[in-house]
2 protein chains.
Amino acid sequence: MSQTAPRRKSRASAGLPPITADKIIDSALELTAERGLDGWSIRQVSTKLGVWPGVIAHHVGDREAVVMGVTDRVISRIPVPDTDVPWRDWFGTLMLEGRAVLRQYPGVARRMVVVGPNVPAALSTIDKGIKVLLDAGFGGQATQIYRYLLNSAFMLVAVEDDRGDFPTARADMGRAMAAFADDDSHPGLAAAAAQAIARSEAQADHAEHELDFFRFTVERSLDGAEAMLNRPADSR
Amino acid sequence: MSQTAPRRKSRASAGLPPITADKIIDSALELTAERGLDGWSIRQVSTKLGVWPGVIAHHVGDREAVVMGVTDRVISRIPVPDTDVPWRDWFGTLMLEGRAVLRQYPGVARRMVVVGPNVPAALSTIDKGIKVLLDAGFGGQATQIYRYLLNSAFMLVAVEDDRGDFPTARADMGRAMAAFADDDSHPGLAAAAAQAIARSEAQADHAEHELDFFRFTVERSLDGAEAMLNRPADSR
DNA sequence: ACCTGAACACCGTTCAAGT
DNA sequence: ACCTGAACACCGTTCAAGT
């Protein structure tokens, strides 16, 4: 026994084309759409491609490199608005359309916010966004405002993604809150519970409510930026 | 050979007190302070306590349960301001002091934002925060404003934590930007590069710059909330 | 009730050997 | 250059058996 099993036919001798880095990222991108950026392993990518795990290291590098490849691809799918619109519209559009793309690839928003500008695909967005802010009169604050606005929107998408890993969290929270619905000693919680109940009656769909809160966040952030314009320059 | 090794003396027979859930969370909390919430394994916690891995499951549950225990402990360390201060001060203080605590335990901010109100320690903060907003006149918007403000601050802390895992990211970005410092075809990037260079000359310390941007974000978010107060009620 | 000790089904990464 | 195949040092979780 333990007679050595026959070596499997190599891809080359079977007439198969060589694996490329692009094909590896393709597979990882598909798995990310299905299960999120933290929902697949290098071994699963290699199985999907029909090769041994070491092949991924050979063509792309370690897991981190594959993740960066996926992140770059997703970012490049986010449409960049034309720069001839008012700054609020430019950012509002980028944020809404960015969310639509990012939510298809759970976990990528977080990477984008963390390593953001290091990814090649992000550069032209940064260029145009800061130009729009300069034209709007933000002057020396343009860079910080840009970071602030993109953070606000895409950090929230990252949290929306993460909440997908805790499917019971919403219901648990609802119950925790409801317990205070008529508790005079906790007026804040009582008010929050009442609002939560009213909202859940008016709006059954969770995705709809999530989008509403995203829009709310976008508008508040734009208001927060706009307040810098209506302020004497010397008060920072 | 293969003679069965002698069974190790049990904790009980060695006169040692039984492990408790609290002691397990204590150990995990220490490891979190040292290496972050994703920087330790259940096996490392068990080694630190001198017991077998299965013991953690017996007393606390799976890894997720241990992480929740750590999160609850950290949140309970965040001081909640008195409710007799103006709403901007109340939130500004909570955010700054919350950041100081959370940054000592990398990775906890993310959990807090994602599962937030499910953690017992968060309830009194929610109660007081919403009360402060109601008193300030936010009315039916109080709950959403509360979520918006806490998200803004603590999502940013989560990103600050995450960036710790990419120590070279800042330098890489600096180089990528600097390449555009005098590129007329990319006015936005050129401006960003110039501002980045000016800043790095004025402010060598990265932690200081991070705190500055955190404060900037807090002020912008408070401005964004305040804009809701100076608005006719019927325009939402 | 509490803990030991082992087993199970996974990971990511590395690397000699084959083609 | 590309890939096979195995090895290495880890994971989290489960569970029978001991005390």
Side-chain angles (χ1 to χ4, degrees), chain A residues 1-28 31-32 35-70 107 111 165-166, chain B residues 1-28 31-32 35-70 107 111 165-166:
Chain A
M1 56 192 54
S2 105
Q3 66 175 22
T4 48
R7 194 182 174 84
R8 190 170 70 177
K9 243 170 54 168
S10 77
R11 288 181 61 86
S13 67
L16 291 165
I19 297 291
T20 62
D22 262 12
K23 282 186 206 161
I24 291 167
I25 306 296
D26 284 343
S27 288
L31 289 173
T32 301
R35 315 206 275 265
L37 200 57
D38 298 321
W40 49 261
S41 66
I42 287 292
R43 292 177 108 103
Q44 286 167 353
V45 175
S46 75
T47 301
K48 194 175 158 83
L49 289 164
V51 296
W52 291 80
V55 174
I56 275 94
H58 185 259
H59 286 283
V60 180
D62 60 11
R63 191 180 196 283
E64 178 57 26
V66 180
V67 164
M68 283 297 233
V70 170
R111 295 306 272 236
D165 299 332
F166 300 89
Chain B
M1 57 194 56
S2 105
Q3 66 175 27
T4 47
R7 194 182 174 84
R8 190 169 68 177
K9 245 171 48 167
S10 76
R11 288 182 62 85
S13 68
L16 291 167
I19 297 289
T20 61
D22 261 12
K23 281 186 206 161
I24 291 167
I25 306 296
D26 284 342
S27 288
L31 289 172
T32 302
R35 317 206 272 266
L37 201 57
D38 298 321
W40 50 261
S41 66
I42 286 294
R43 292 177 108 102
Q44 286 166 354
V45 175
S46 74
T47 300
K48 195 176 159 81
L49 289 164
V51 296
W52 291 81
V55 173
I56 274 94
H58 184 260
H59 287 283
V60 180
D62 61 10
R63 190 180 196 284
E64 178 58 26
V66 180
V67 164
M68 284 297 232
V70 170
R111 295 307 273 237
D165 299 333
F166 300 89

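- Going from atom CZ of B:Arg11 over to atom P of C:dT4 covers 7 Å, rounded to whole Å.
- Across all strands shown, B:Ile56 has no heavy atoms under 4.0 Å from either base or sugar-phosphate atoms.
- Between B:Trp52 and C:dG5 there is a side-chain N or O to OP1 or OP2 distance below 4.0 Å.
- In this structure, B:Leu49 places its CG atom 14 Å from C1' of C:dC2, rounding to the nearest Å.
- When each of C:dT4, D:dC2, C:dC2 is scored by its nearest atom to the side-chain atoms of B:His59, the top-ranked nucleotide is C:dC2.
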Point to revise | Watson-Crick or G-U pairs under 3.5 Å in DNA chain C, rendered as dot-bracket with [ ] for crossing pairs and | for another strand | key: ||.|||||...|||||.||
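- One can place CZ of A:Arg8 at 18 Å from P of D:dC2, the figure rounded to the nearest angstrom.
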Practice item. Take nucleotides 12-19 of chain D nucleotide by nucleotide from the 5' end and write B, S or -, depending on whether a protein heavy atom sits under 4.0 Å from the base, only from the sugar-phosphate, or from neither. Key: BBBB-BS-
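- Interatomic distance, A:Leu31 CG to A:Asp26 CG, rounded to the nearest 0.5 Å: 11.0 Å.
- Taking B:Ala65 as the reference, B:Val60, B:Asp62 meet the side chain to side chain contact (heavy atoms under 4.5 Å, CB included) condition, with sequence neighbours excluded.
- In terms of the side chain to side chain donor-acceptor pair (under 3.5 Å) criterion, residue partners of A:Ser10 (sequence neighbours excluded) are, by chain and number, A:Ser13.
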Let me check something: any side-chain donor-acceptor pairs from residues 48-59 of chain A under 3.5 Å, sequence neighbours excluded? List them with distances.
residue: A:Lys48; atom: NZ; partner: A:Glu30; partner atom: OE1; Å: 3.0
residue: A:His59; atom: NE2; partner: A:Ile19; partner atom: O; Å: 3.4

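- Under the salt bridge (charged side-chain N to carboxylate O under 4.0 Å, His left out) criterion, B:Asp22 pairs with B:Arg73, not counting sequence neighbours.
- Separating the CG atom of B:Leu16 from the C1' atom of C:dT4 is a distance of 14 Å, rounded to the nearest angstrom.
- Under the side chain to side chain contact (heavy atoms under 4.5 Å, CB included) criterion, B:Asp165 pairs with no residue, sequence neighbours left out.
- For A:Arg35, the side chain to side chain donor-acceptor pair (under 3.5 Å) partners are A:Gln44, not counting sequence neighbours.
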